[in-house]
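Here the structure comes first, spelled out in structure tokens, and everything after it is commentary.
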Amino acid sequence: MNLPLERVDTWRWRIPKHGDMLTGGLVFASEALMARIQHDRALEQVRNVACLPGIVGNSLGMPDLHWGYGFPIGGVAGFDPDEGVISPGGVGYDINCGVRLLRSHLDADRVVKRMPKLVDALYEAVPCGVGAARGDLRLDNEALDRCLVGGARWAVENGLGEPEDVEHTEENGCLDGADTSEVTPRAHGRGQKQLGTLGSGNHFLEVDRVAEVFDPALGEALGLHVGQVAVLIHSGSRGLGHQVCTDFLPVMKQAAKGHGIRLPDPQLACAPFRSEEGQRYFGAMRAAVNYAFANRQVIAHKTREAFRAVFGEGVKLEQVYDVCHNIAKVERHVVDGTEREVVVHRKGATRAFPPGHPLTPEAYREVGQPVMVPGDMGRYSFVLVGTEGARAETLGSSCHGAGRLQSRTKARQATRDRNIPKELASRGIEVRAASRRTIDEEYPEAYKDVADVVDVVVGAGIARVVARLEPLGVVKG
DNA sequence: ATGTTC
């Protein structure tokens with residue numbers, strides 16, 4: 001492939017504007033990670049995104065960049081609300097997939113002894129795996145629509161959490177402007193029985209030990225200290241969000257044609273943000289975003305119930321933060337010296353707002369917005385905070401995870417004669433899963449070392465590292 | 001990611 005790529009410095013690479021590109025590409029990676037990135041066609045996708053009308057700033061790639069549907073995963077792109085577009089491919093099928101972090105007052109030494117019992121309780125409490133699972137919450141369409149409009153706030157108002165949870169969630173767990181009339185009956189049907197379920201693939205519910213705090217002041221601000229037990233929840237909008245994406249791809253394909261948008265790749269189907277089709281997708285997408293916020297809220301509630309059943313009623317799990325990594329929304333950013341509204345698409349990328357930002361919760365105003373970056377189920381995950389560098393360079397964004405090293409097929413082959421749950425148990429990690437196949441596909445060596453990804457965002461100054469978490473117990477689909 | 005090929 002003849003794609004020009006220039007090394008800017010230790011952490012940055014530029015795809016100079018050429019051909020139909022309206023702007024340049026900027027990718028954050030070490031030399032080693034860039035070699036991995038070049039195994040697939042993600043850089044071409046960064047270039048293709050730079051050809052879409054109304055793009056503002058660079059077409060951005062995070063160090064966990066890899067090939068996705070139309071837009072790359074690990075991609076960030078902002079568009080002018082008046083001249084630019086909105087695209088389902090820039091969000092992904094799992095609308096508002098994201099990560100929530102809870103902190104406990106429990107010491108890991110105490111929890112480890114009862115980990116099999118705790119993981120059993122969590123597995124029982126939070127349905128997982130593909131499909132309807134055993135979701136005990138059933139919503140009629142009226143209740144579902146209130147959930148789609150109210151997000152995590154709706155869940156808390158219905159007794160499924162604490163007001164502080166909402167305060168410590170991106171966008172307070174609810175985007176205004178959800179349009180339930182654009183969520184099809186089929187999407188409604190899928191959403192009715194999946195609230196509070198984990199899903200499959202890389203989704204998980206994990207009990208962690210805070211293994212390392214890199215900066216005492218940052219750790220203090222986020223309430224994290226070495227030896228403490230924390231919980232990571234990674235899930236999204238389940239079948240409902242998937243159906244919204246599926247339903248709108250043909251709509252957006254027609255819209256692109258109707259509005260005369262030339263697409264370098266048909267998978268970049270999009271519509272002008274202000275167009276009827278663009279606003280219909282945006283309304284449906286925001287409903288799916290709110291469903292995902294509510295889903296993680298219900299999972300957190302069930303997690304608390306499971307902890308209390310095992311460790312007593314006095315156990316508290318306080319929410320550190322909930323951040324999404326598949327979303328499009330309107331944010332204010334300074335571009336070329338002027339503050340303006342931008343339609344930011346983050347697909348496999350997280351918001352990472354700096355200290356002092358008005359949308360960062362009060363508790364973190366001095367240190368920056370927390371960012372959770374999951375690794376794999378055998379090694380570790382990281383907690384970061386956003387920086388001024390992110391505001392200046394990446395529309396306030398950072399990375400979202402490790403990224404795969406092996407395909408699912410290859411991982412399955414490589415683990416055929418191994419017993420991954422047993423191997424993990426021997427290393428002190430209790431795993432429960434709906435499917436043995438999922439565990440094999442998700443085994444640790446299938447993923448890159450997330451520390452390498454974090455090194456890049458920290459080195460480039462688009463995040464600061466707060467803490468490293470090590471898994472003690474894992475629930476998987 | 002996904003009632004994993006409506």
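Naming convention: chains lettered A, B, ... in sequence-line order (proteins, then strands); numbering from 1 in each chain.
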Seminar exercise, completed: Whole-Å distance, Asp247(A) CG to dT2(B) P, equals 16 Å
Exercise. Across the strands shown, which category fits Gly201(A) at heavy-atom distances under 4.0 angstrom: base, sugar-phosphate, nothing?
Worked result: sugar-phosphate
Problem set entry | Residues forming a side-chain hydrogen bond (donor to acceptor under 3.5 Å, both in side chains) with Glu430(A), sequence neighbours excluded | Arg432(A)
Seminar exercise, completed: Rounded to whole Å, the CZ-P distance (Phe248(A) to dT2(B)) equals 20 Å
Exercise. Can you check the Tyr93(A) OH to dT2(B) C1' distance for me, whole Å?
Worked result: 9 Å
For this session: Would you please indicate if the ring centroids of Phe273(A) and Phe282(A) are separated by under 6.0 Å?
Result: yes
For this session: Name the residue closer to the 5' end of DNA chain B, choosing between Arg437(A) and Cys97(A) according to the nucleotide with the nearest heavy atom.
Result: Cys97(A)
Exercise. In whole angstroms, how far is the C1' atom of dT4(B) from the CD atom of Gln243(A)?
Worked result: 14 Å
Seminar exercise, completed: Tyr69(A) OH to dT2(B) P, in whole Å, measures 18 Å
For this session: Figure out the CG/P separation between Leu198(A) and dT2(B), and round it to whole Å.
Result: 9 Å
For this session: Under the ring-ring contact (aromatic ring centres under 6.0 Å, His included) rule, collect the residues that match up with Tyr380(A), sequence neighbours excluded.
Result: Phe382(A)
For this session: For Arg186(A), report the nucleic acid contact type (base, sugar-phosphate, nothing); a contact means any heavy atom under 4.0 Å.
Result: base
Exercise. Can you check the Glu441(A) CD to dT4(B) P distance for me, whole Å?
Worked result: 14 Å
For this session: Describe the nucleic acid contact of Ser237(A) in one word from base, sugar-phosphate, nothing, applying a heavy-atom distance below 4.0 Å.
Result: nothing
For this session: Kindly indicate, with the supporting measurements, whether the criterion side chain to side chain contact (heavy atoms under 4.5 Å, CB included) is fulfilled by Glu170(A) and Tyr321(A).
Result: CA-CA 8 Å; Glu170(A) 181 170 340; Tyr321(A) 204 61; 3.9 Å; yes
Exercise. Taking CG from Asn96(A) and P from dT2(B), how many angstroms apart are they, rounded to a whole number?
Worked result: 13 Å
